[in-house]
Every structure is written in structure tokens, then in C-alpha cells.
2 protein chains.
Amino acid sequence: MPERLLTLEDSSLSERVYTALRLALLRGKFVPGEALSLRSLAASLGTSPMPVRAAVQRLIAEKALVQTASRAIIVAPFTYENFKDLMRIRMELEGFAAERACMSKDRGLVGRLKGFNQSMLEAAQRHDVEAALAANYSFHFGVYEAAGLPQLTDMITNLWLRAGPYLAAVQRQPRASEILSTNSFKIQDRVIEAIRTGDRKAARFSLAMDLRFAFAWFVKTYDFSDNRLGGPLKRDGTEGTGPDVRPVSRDEPRRNVKAYSD
Amino acid sequence: MPERLLTLEDSSLSERVYTALRLALLRGKFVPGEALSLRSLAASLGTSPMPVRAAVQRLIAEKALVQTASRAIIVAPFTYENFKDLMRIRMELEGFAAERACMSKDRGLVGRLKGFNQSMLEAAQRHDVEAALAANYSFHFGVYEAAGLPQLTDMITNLWLRAGPYLAAVQRQPRASEILSTNSFKIQDRVIEAIRTGDRKAARFSLAMDLRFAFAWFVKTYDFSDNRLGGPLKRDGTEGTGPDVRPVSRDEPRRNVKAYSD
DNA sequence: GATCTCACATCGTGATCACATTTGCTGTTT
DNA sequence: AAACAGCAAATGTGATCACGATGTGAGATC
């Protein structure tokens, strides 16, 4: 597969930096509470501090980063309370999306969702956590986009970003594939069935339950007590390669394209 | 009353610019779809383009402003579809908050809410739209904060910003006070009653209905057809003073304070 | 008279510099 | 040995400049 094409919005350096930092956050390359500096990030990325500033400001607005009172930039701390509240909101919002997905007129929807769920199962069974997570992502956002509310999808996307350490922990925890292949697969199959039969209450309930189980698993796995530098895994956590960011290629053509959406 | 003290976060020039622009958006000083420019905004505000850039980028991240494919910065267009979807999400999220408010242990809550609602009624009856809106704001966010989920309050705050033209229209439409003093007052009283008795379903339902009525009124009042430059009021709309922004005082001390929240 | 062309003003973006504040360390003191 | 003072390095913020892309309007062309 060739190098992935640039997204429409990746035409400016700031946006490429944003994408890079966002990915690093989702991959858990940074530890919650860790301090970042514009200049050192710029050095790592091979740009001037300017585009980094823009990207960081955006991530602050999205609450993935936080600015302390002394103006230092840190990765959003990840406390139990915070995460619990976040999950509670996610259950509400993503449950709502699932409910709306029941009203979708998209005939191929159910089939696609079944495909994603199946892919997740298979990937998990061969312990390919990354692929399983990707399929899991496709499944969830397949549902959310079927809700037909683009602004809702955006909001949920942001909530996923803010739950970054959760995703990172799943990725680093090989045992996670067991959960994905048992609990998640079965519950998500219930979501699909509810969407197929148009049972809105069941769709909302099942999707919320999927999140609830994920939350319960995570709480058992993640050590919140070490909140100062963000909790590592309680046991068996293969340590990541540590915080670092890859340079951003600068000599891409800077071309614009037509439409903007939303 | 003395000049309002600077908020903790208003210590940097960028944040003051942000606050100014945000207020201008909420007051309808800008028309949806209108183009903005960093340099001219900076000139109006009496700063360099730099802090304006930061503020604008933040507002873009919050989807109050939009960047076109040609990199122009415009006020987020306000279409019927967009607004309808936004209101649907608001009903869900704010209804959820109302439901959670039923579980609040705050003994003074119901009393305070009754006070806000009463203030709104009285202000509306003397056709003081601004005061009525302020009381309405206090009531709503009184409920939302009682939900005990700060991140939820943030999200709702953002949704209110994105519904900016709605608030602006209410402010410019004297007849709006009638709606506030009849429909809204009664429905919000039902919200309070539900919270008092702990009836979660009724709280959610009533609050959602409040939004639904507001939406219905707005659709009758606002002319979406002129979407190019944002819809003015259909009739009776006293034209605003037009887009303009007041300068930001620069020689404030730049002091920091302790805590950061969230 | 409508359409095209081209020059010019203006735009956002990125880089660089200046500055006040904050941070971290070192050597001293109690 | 722990607490403190003070200095030097590093930080975010804001201003200014350069550059390529965009948009606009006057004048030429058909």
C-alpha cells in the first residue's frame, strides 16, 4: 500500500503538526501530566515553533492538552474522576447516536457493521491488537455516522481523543484482545441486531453497555494512583518506546482543494 | 457596580481578544458567513495580528468560525439543517444534564433555580430582554452545573456559542420577551418541579421541550433563506449596530494565579 | 456591453526576534 | 542534612517581516 495521501486539511504545516501530535496522544506517546514545550516539539518535528504553537493551541481548545496557571503546556491529566465522567458522557452521546442509527435508511449499514465486528473478532483472535482496534474504530464510527448528525460525530471524535490514555492502554495490553474477542464482540453484535430490527432502546442500551464494560476493564487494568506522571499499566504493561514524535515532511506541495464541509 | 474584574484566564492578550470575539459572536455582531481578517480585526482591537490569530484559531477549533478551503476565515454559516441538528444534540445533552441534576445533593438548588426563573419572568414582563436572557442563562447553567459533570458543562457552553445567531436574534427581537414570559417560564417551572421531586424522566423531558419550543419560535422568526450573509430577522428586527469590536485594553498587569481547573 | 486579463492590494502562514516570567540548579546558610 | 537565596537557561507571548496564494477591480478585447 502506498504512502497514505494527504488529507484535504493537511495542506498546511500546522495541520500536519496537529495530526502528528494527535496521533502521538492517541498512541500514548505522551504521558498524562507531562510537560511539553513549543521549542523542543518544534525541534523534534523539524519546524519552527510557529506551527507547533497553532497545533498546540488547537489541542488545548480540544482539551487534549491543558495550560497551567504558569502558562506551561501539559498533557491533560488523567484522573479516575475525570475519566469516569468522560465515560458517562460518552455513554449518553454515543448511545444517542446508536439510537439514531436505527433510523438510518442505509441498506448496507448492517452488513458493513457485521463486517467490522467480524474483522475485530478475527484480529483479536490472532492477537493483532492494532488491527482489532482499527476494526473496532470502524464499527463504532460506522454507527455514529449512520446517525446522520455530522456535528455529533465531531463531538464524539473529540471525546475519543480525550480518552487517549485508554486507547493507548488497550494497545499496549496484549490481554486486551481477549476482552475484545469476547465481551465487545458479543455486545456489539447486540448493537447490530438492535439496529437491524430498529429497536432504538436496545441499541442505545447495548452500546452504552459496551462502553461500560470497557470502562470496567480499564479501571482494573490502569493504575490511576500514579497520577502525577499518568498511570502506567498495573501489570504486564510492555513499556512504550517513550514520548517522541516523528518529523513532519515540509516540502510537500502546498495546494488547496475545493470544498469545505460542515 | 465596579468594572468587572479580569477573569483568571483573561491574563493574556490572546484570551482577552478571544473573550471579545466570543462576545461579539454571541451578540450577533457578526453575520454568519461573513469574512473576517486577522489584520483588520487586530486593527479594530488595537493589537498586533498575533493574539488575534490565536483567538481565531481557538474559535475555529470550537467551530464558531470556519476556515474555507482557500484559507479565508468566515463566521460559521448558519443553515436550517445545521441549527436543527445542533438543537437535537442540545436536547439530548442538556436533557441529560437535567436528569443528573435530579440527583444533586445541593439543598439550595431548587430555590436558586426558582429565583432565576422568577427574575426572568419579571425582566421579560418589563421588556428588558437583556436581563431576561441573563436570568435565563443563569437558570440553565444552574441546572447544568448541578449535574456535577464539569466537562458536560463545557460541552454545553460550546453548543450555546455555536447557536450564537439564535441568542442574538432573541436579543434583537422585542417580541421574544413574550415567549420567555409565557412558554419558557412555565416549562422551566416544570423542570424545577421535576428536579424538586427527583423525577428524572420529567426533568429531561421538560428541559428538552423548552429547547423544542425555543427552536420552533426561532424557525418562525429567522429567515434562513438569506443564508449567504446570514439570515436577518423576518420582520420587526431592529437592525444591530453592525459588526464591530471594541478595543482591548492592553496595559493590564500580566499576573498569574494559582490553580487551573479540569 | 459583456468578458477576459493582468496588476495590485490583501490574505493566512511561517520564521525570527525581543521580552517578561518561570523553572531548575548551585552554592550558601541555618 | 534541609531550607533558602540567587542566577542562568528555558518558556510562552507578542510583534514584525517575508512569501506565496487569493481576491478584486480597472482597462483592454471581442
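In what follows, chains carry the letters A, B, and so on, assigned in the order in which the sequence lines appear, proteins first and then strands, with residues in each chain numbered from 1. Values below: all heavy atoms of this structure, side chains included; hydrogens, waters and symmetry mates excluded.
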Tell me which nucleotide among C:dA15, D:dA15, C:dT13 gets nearest to the side chain of B:Pro51. D:dA15
How would you label the contact of A:Ile60 with the nucleic acid (heavy atoms, under 4.0 Å): base, sugar-phosphate, or nothing? nothing
A:Trp160 and A:Phe141 aromatic ring geometry - parallel, tilted or perpendicular at 30°/60° bounds: perpendicular
Between C:dG14 and A:Thr47, is there an OP1 or OP2 to side-chain N/O distance shorter than 4.0 Å? no
Just the rounded figure in Å: distance from C1' of D:dT13 to CG of B:Leu13. 9 Å
For the backbone of B:Ala134 and the side chain of B:Ser138, can you confirm whether one donor and one acceptor N or O come within less than 3.5 Å of each other? yes
Contacts of A:Glu62 that satisfy side-chain contact (heavy atoms from CB on, under 4.5 Å) - sequence neighbours left out: A:Tyr18, A:Arg58, A:Leu59, A:Asn158, A:Leu161
Which atom pairs link the protein and nucleotides 4-10 of chain C when you take only N or O atoms and keep those under 3.5 Å?
none

Can you say whether a donor on the side chain of B:Arg53 sits under 3.5 Å from an acceptor on the base of C:dG14, or the other way round? yes
Roughly, in whole Å, what's the span from CD1 in B:Ile73 to P in D:dA21? 18 Å
Would you kindly give the CG-to-P distance between A:Leu38 and C:dA15, to the nearest whole Å? 13 Å
Taking 4.0 Å as the cut-off, does a side-chain nitrogen or oxygen of B:Gln67 come that near to OP1 or OP2 on C:dT13? yes
Atom CD1 of A:Ile74 and atom C1' of C:dT23 are separated, to the nearest Å, by 15 Å
Indicate the ring-plane relationship of A:His140 and A:Tyr144, choosing parallel, tilted or perpendicular according to the 30° and 60° boundaries. tilted
Residues at least two apart in sequence or cross-chain that pass salt bridge (charged side-chain N to carboxylate O under 4.0 Å, His left out) with A:Arg88, listed by chain then number, are A:Glu92
Take B:Ile89 and A:Leu149 through the test side chain to side chain contact (heavy atoms under 4.5 Å, CB included) and record every step on the way to the result. CA-CA 9 Å; B:Ile89 297 171; A:Leu149 298 176; 4.1 Å; yes
Output the rounded distance in Å from CZ (A:Arg71) to C1' (D:dA10). 16 Å
Any B:Ser70 side-chain N or O less than 4.0 Å from OP1/OP2 of C:dC11: no
Does the side chain of B:Leu36 come within less than 4.5 Å of B:Val56's, by heavy atoms? no
Between C:dT13, D:dA15, D:dT13, spot the one nearest the side chain of B:Ser48, thanks. D:dA15
5' precedence on DNA chain C between B:Leu36 and A:Met50 (nearest-nucleotide basis): B:Leu36
Interatomic distance, B:Glu15 CD vs D:dT13 P [rounded to whole Å]: 8 Å
Given atom CD of A:Glu34 and atom P of D:dT11, what is their separation to the nearest angstrom? 13 Å
